[in-house]
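Structure record follows, encoded as structure tokens.
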Amino acid sequence: MLTVKDIHKSFGNLEVLKGIDFTVNKGDVIAVLGASGSGKTTLLRCMNFLEKADGGTLTFDTEEFELAKMRKKDIHRLRKKTAFVFQNYNLFRNMTALQNVTVGLTVARKMDKSAAEEIGLKMLDKVGLLDRKDHYPNELSGGQQRVAIARALATDPEIIFFDEPTSALDPELIGEVLSVMKDLAEEGMTMVVVTHELNFAANVAKKVIFMEDGKILESNTAEEFFKSPKEERTKEFLRIINRE
Amino acid sequence: MAEFFIETLKFSERLVTIFFDSFGKILLPGIKVTIPLTLISFSISLVIAVATALVQYAHVPVLRHIARFYIWVVRGTPLLVQLFLIFFGLPKLGILLDPFPAAIIVFSLNTGAYDAENIRAAIEAVPKGQIEAGYCVGMSYMQIIFHVVLPQALRTAFPPLSNSLISLVKDTSLAANITVVEMFMATQRINSRVYEPLLLYAEVALIYLIFCTVLTKVQTIWERHLRVLD
Ligand SMILES: Nc1ncnc2c1ncn2[C@@H]1O[C@H](COP(=O)(O)OP(=O)(O)OP(=O)(O)O)[C@@H](O)[C@H]1O
Ligand SMILES: [Mg+2]
């Protein structure tokens with residue numbers, strides 16, 4: 001469904017992505033692992049055009065694009081097929097939970113309000129926050145990320161990118177978010193998840209990509225990745241993170 | 001002694017009479033001229049300010065330079081001079097304006113320049129993540145501006161904008177200089193008949209004070225109802 005080839009990205013002199021290839025198939029749940037600074041966030045952001053890659057191609061279904069020369073129109077069109085869940089939620093501060101979830105429908109897709117609200121309420125229910133629909137982000141204590149997931153779901157995306165969705169959360173809230181994501185995975189949602197949650201990667205993800213220093217060092221099914229990591233660096237990473 | 005007492009009493013009686021006679025005569029142009037002048041100018045200034053702030057924020061070519069130039073000129077010249085320029089100066093170019101519309105133009109442009117900077121600062125304070133989230137739900141740049149950035153920025157800019165409204169109420173007194181019969185001009189006219197400058201100017205000052213106090217109260221109450229963003 002989505003294939004990227006040879007993505008390159010530098011910030012000034014710092015080369016952050018040094019040629020990344022990978023493919024996301026429909027129904028895939030891919031965990032992206034790697035040490036801090038290895039380029040995971042940048043990769044996700046390049047795939048959703050929040051960062052402009054310096055080189056590489058992106059193929060969505062049958063259309064191929066040069067990442068460095070994308071037209072605004074194409075970016076806008078492709079973004080409507082995807083959704084993004086940020087580490088720090090980025091819920092719209094001037095909107096209630098329900099408005100946050102429906103704005104992608106009412107404003108971006110010109111759906112009428114009642115149809116959008118029906119979907120919005122369904123999505124809030126799905127993440128267990130229906131009773132907080134009229135709360136603003138700063139009153140959602142602990143529920144922000146689940147509202148952000150409901151917002152991502154509302155537009156019925158073909159693929160959802162998650163950038164460390166649980167790493168800004170208090171420990172007692174992590175479980176709620178992971179269980180919502182697990183449900184989505186079971187429903188067949190296509191997801192690319194940057195995460196430090198090895199349990200999630202091992203139990204929910206179907207594939208694992210291990211990044212180091214701007215490259216994909218190892219890529220395998222989740223089962224193989226954890227059972228018999230091939231690279232020495234991967235083994236070391238798993239050892240360190242398991243000890244924490 | 002008794003005579004002096006009676007004189008004083010008569011004098012005070014005269015002052016009290018003038019005070020009450022003139023109160024309505026000052027307040028009326030206050031309501032009919034000062035308040036409309038303030039509200040109309042302020043509304044127009046908000047439109048100007050938002051537009052001026054946005055063309056800078058969005059780096060619209062040419063327009064953003066015009067915006068900078070406008071802000072630079074307006075903030076660097078006295079309001080009174082601007083009033084004279086428009087009302088007495090423009091007729092030399094064949095542009096004749098009535099006092100009231102001339103005042104509206106000057107106050108709108110003047111307040112607009114200051115508020116543009118307030119709004120721009122507030123727009124720039126909207127976190128980048130809000131805009132990125134907007135893109136990610138499929139909104140266009142314009143949709144993000146109008147549904148995410150501006151609502152948040154106007155909330156942030158509410159206190160400085162209220163302050164500029166309150167300043168504007170007082171600044172409208174300068175329109176007396178271009179023959180707009182607002183409160184201050186009305187007071188001057190009454191004074192030229194009865195010659196009680198201390199009483200009359202204190203009286204008009206009191207009315208401005210009442211206007212501003214009411215506005216400040218409204219601001220406080222309104223602000224309490226506005227949502228805190230973070
Ligand atoms: N906008 C930017 N400008 C300059 N450097 C950046 C920018 N964004 C990221 N970097 C740098 O690029 C490198 C990779 O960053 P990235 O955020 O992609 O790493 P990451 O794998 O997501 O790390 P983490 O696990 O800490 O989130 C880092 O060295 C970071 O400092
Ligand atoms: Mg990151």
Side-chain angles (χ1 to χ4, degrees), chain A residues 41 44-45 47-51 72-73 75-96 99-111 116 120 134-139 144 147-148 150-157 159-163 168, chain B residues 46 49-50 53-55 57-61 63-64 115 118-162 219 221-230:
Chain A
T41 297
L44 231 51
R45 290 171 60 85
M47 290 173 68
N48 210 18
F49 323 108
L50 292 173
E51 241 26 282
K72 275 206 181 114
K73 225 176 65 194
I75 290 180
H76 190 60
R77 190 162 53 82
L78 288 179
R79 273 205 189 115
K80 283 191 172 175
K81 302 185 187 193
T82 66
F84 203 103
V85 174
F86 298 86
Q87 184 170 357
N88 58 350
Y89 337 120
N90 287 337
L91 289 176
F92 303 119
R93 305 182 298 172
N94 56 316
M95 299 180 198
T96 63
Q99 289 168 334
N100 261 282
V101 177
T102 55
V103 70
L105 300 171
T106 52
V107 174
R109 289 166 184 78
K110 308 266 179 267
M111 186 185 281
D134 296 321
H135 290 221
Y136 282 83
N138 60 353
E139 309 161 339
Q144 280 106 328
V147 173
R151 174 174 72 179
L153 291 173
T155 54
D156 192 23
I159 175 167
I160 307 182
F161 300 105
F162 293 81
D163 187 14
Chain B
L46 276 185
V50 168
L54 279 181
V55 297
Y57 178 71
H59 296 282
V60 181
L63 284 182
R64 65 186 259 243
D115 286 349
N118 290 325
I119 291 176
R120 189 166 73 113
I123 287 179
E124 274 162 11
V126 175
K128 209 167 134 249
Q130 296 285 305
I131 295 150
E132 293 183 345
Y135 281 129
C136 288
V137 301
M139 285 196 258
S140 66
Y141 186 71
M142 279 299 167
Q143 289 170 335
I144 294 170
I145 293 288
F146 286 100
H147 292 272
V148 179
V149 175
L150 270 185
Q152 294 186 20
L154 290 176
R155 168 63 192 87
T156 312
F158 184 82
L161 291 180
S162 321
Q219 175 191 356
I221 293 167
W222 195 347
E223 203 165 341
R224 217 178 293 142
H225 286 279
L226 281 176
R227 89 180 8 277
V228 185
L229 287 173
D230 287 302

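FYI, side chains are in, hydrogens and waters are out, and symmetry mates aren't considered; it's all heavy atoms of this structure. Just so it is clear, the model here is predicted, and its values are computed rather than measured. In the text below, chain A, chain B and the rest are named by the order of the sequence lines, each starting its count at 1.
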Euclidean distance, A:Asn94 CG relative to B:Leu226 CG, rounded to 0.5 Å: 12.0 Å

Rounded distance (nearest 0.5 Å) linking atom CD of B:Gln130 with atom CE of A:Met95: 8.5 Å

Heavy-atom closest pair, residues A:Val107 and B:Gln143: O-NE2, 3.0 Å

Side chain, backbone, both or neither of A:Lys110 within contact of chain B (heavy atoms, under 4.5 Å): side chain

Region of A:Leu91 that comes under 4.5 Å of a non-hydrogen atom in chain B: backbone

Contacting moiety of A:Thr155, where chain B heavy atoms sit under 4.5 Å: side chain

Separation between OH of B:Tyr135 and CD1 of A:Ile75, rounded to the nearest 0.5 Å: 9.0 Å

Under 4.5 Å from a heavy atom of chain B, the part of A:Arg77 involved: neither

Check: A:Leu50 main-chain N/O paired with B:Glu132 side-chain donor or acceptor under 3.5 Å: no

Chain B contact via A:Gln99 - side chain, backbone, both or neither, heavy atoms under 4.5 Å: neither

Distance in Å, B:Met139 CE paired with A:Arg79 CZ, rounded so as to fall on 0.5 Å steps: 12.0 Å

Least distance between heavy atoms, A:Asn48 atom then B:Cys136 atom: ND2-SG, 3.3 Å

Heavy-atom side-chain contact between A:Phe92 and B:Pro151 under 4.5 Å: no

